[in-house]
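Here the structure is laid out as structure tokens; the discussion comes afterwards.
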Amino acid sequence: EVQLVESGGGAVQAGGSLRLSCAASGFTFDDYAIAWFRQAPGKEREGVSCITSSDGNTFYEDSVKGRFTISRDNAKKTVNLQMNSLKPEDSGVYFCAASVVCTWYTETPDYWGQGTQVTVSS
């Protein structure tokens with residue numbers, strides 16, 4: 001019933017852009033903060049960005065500040081992550097996740113998507 005479906009991943013050269021989308025259904029989207037996490041092969045999953053449910057405040061991991069922009073459309077139950085000036089170290093599987101509040105901890109979200117692959121070549 002609960003679904004978070006990521007899309008928009010792909011392969012780009014360094015300096016390029018991608019726009020990831022997360023489509024939600026089966027839960028009260030308006031009540032949840034939505035976060036993006038990413039995981040590179042052999043690495044721990046890390047928080048990338050988050051947007052709150054109540055006021056739309058945004059948060060970013062330091063390495064992506066100024067390059068990534070998170071947004072949400074509650075009417076469409078969708079969260080987007082615009083990624084510009086991509087670097088090889090941005091590569092990994094990107095997951096969206098729903099939490100009562102924004103979180104940087106992988107243990108906290110109630111719901112997870114299946115992920116979408118992002119590959120940035122130098």
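What's counted below: heavy atoms across the whole structure, side chains too, no hydrogens, waters or symmetry copies.
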Please determine whether the number of non-hydrogen atoms from other residues, nucleotides or ligands lying under 6.0 Å from atom CD of Q3 exceeds 12. no
Please give me the minimum heavy-atom distance between V100 and D110, naming the atom from each residue. CG2-OD2, 3.9 Å
Look only at the side chain of D73 and the backbone of K76, and say whether a donor-acceptor pair between them is shorter than 3.5 Å. yes
Using side chain to side chain contact (heavy atoms under 4.5 Å, CB included), reason through I70 and N80 one step at a time and then give a plain yes or no. CA-CA 6 Å; I70 190 170; N80 297 314; over 6 Å; no
Straight-line distance of K77 NZ to C22 SG, nearest 0.5 Å: 12.5 Å
Min side-chain heavy-atom separation I34-F29 under 4.5 Å: yes
Return the minimal non-hydrogen interatomic distance between V93 and Q117, and the atom names on each side. CG2-OE1, 3.3 Å
With a 4.5 Å cut-off on side-chain heavy atoms, are T52 and V101 touching? no
Would you say the side chain of V79 lies within less than 4.5 Å of the side chain of Y32, judging by non-hydrogen atoms? no
Would S17 and N84 count as having a side-chain donor-acceptor pair, cut-off 3.5 Å? yes
So, does S91 use its side chain to make a donor-acceptor pair with the main chain of V120 at under 3.5 Å? yes
Can you name the closest pair of heavy atoms from A97 and L4 and give their distance? CA-CD1, 4.0 Å
Ring centroids only, cut at 6.0 angstrom: are F68 and W36 within range, meaning strictly under it? no
R19 side, atom CZ; T69 side, atom OG1 - distance, nearest 0.5 Å: 10.0 Å
List the steps and the verdict of side chain to side chain contact (heavy atoms under 4.5 Å, CB included) for L20 and T116. CA-CA 8 Å; L20 305 184; T116 185; 4.0 Å; yes
Less than 6.0 angstrom from the centroid, inside 45 degrees of the normal: does R67 satisfy that with respect to the ring of Y60? no
Side chains of S53 and D31: do they bring a donor and an acceptor to under 3.5 Å? no
D90/K87 salt bridge by N-O under 4.0 Å criterion: no
With a distance cut-off below 6.0 Å to the six-membered ring centre and an angular limit of 45° from the axis, does R38 pair with F95 as a cation-pi contact? no
Nearest heavy-atom pair of P88 and S122: which atoms, and what distance? CG-CB, 3.8 Å
Taking the side chain from Q39 and the backbone from K43, do they hold a donor-acceptor pair closer than 3.5 Å? yes
Candidate pair F37 and W104, rule side chain to side chain contact (heavy atoms under 4.5 Å, CB included), full reasoning: CA-CA 8 Å; F37 291 79; W104 297 114; 5.8 Å; no
Look at atom CD of Q114 and say whether more than 12 heavy atoms of other residues, nucleotides or ligands are closer to it than 6.0 Å. no
Do the ring centers of Y111 and F27 come within less than 6.0 Å of each other? yes
Drop me the distance from N57's CG to I51's CD1, to the nearest 0.5 angstrom. 8.5 Å
Sub-4.5 Å side-chain heavy-atom contact between V118 and M83: yes
Checking side chain to side chain contact (heavy atoms under 4.5 Å, CB included) for the pair E6/W112: CA distance, chi angles, key distance, verdict? CA-CA 10 Å; E6 303 93 337; W112 288 89; over 6 Å; no
Minimum heavy-atom distance between T103 and C50, given as atom pair plus value: N-SG, 4.1 Å
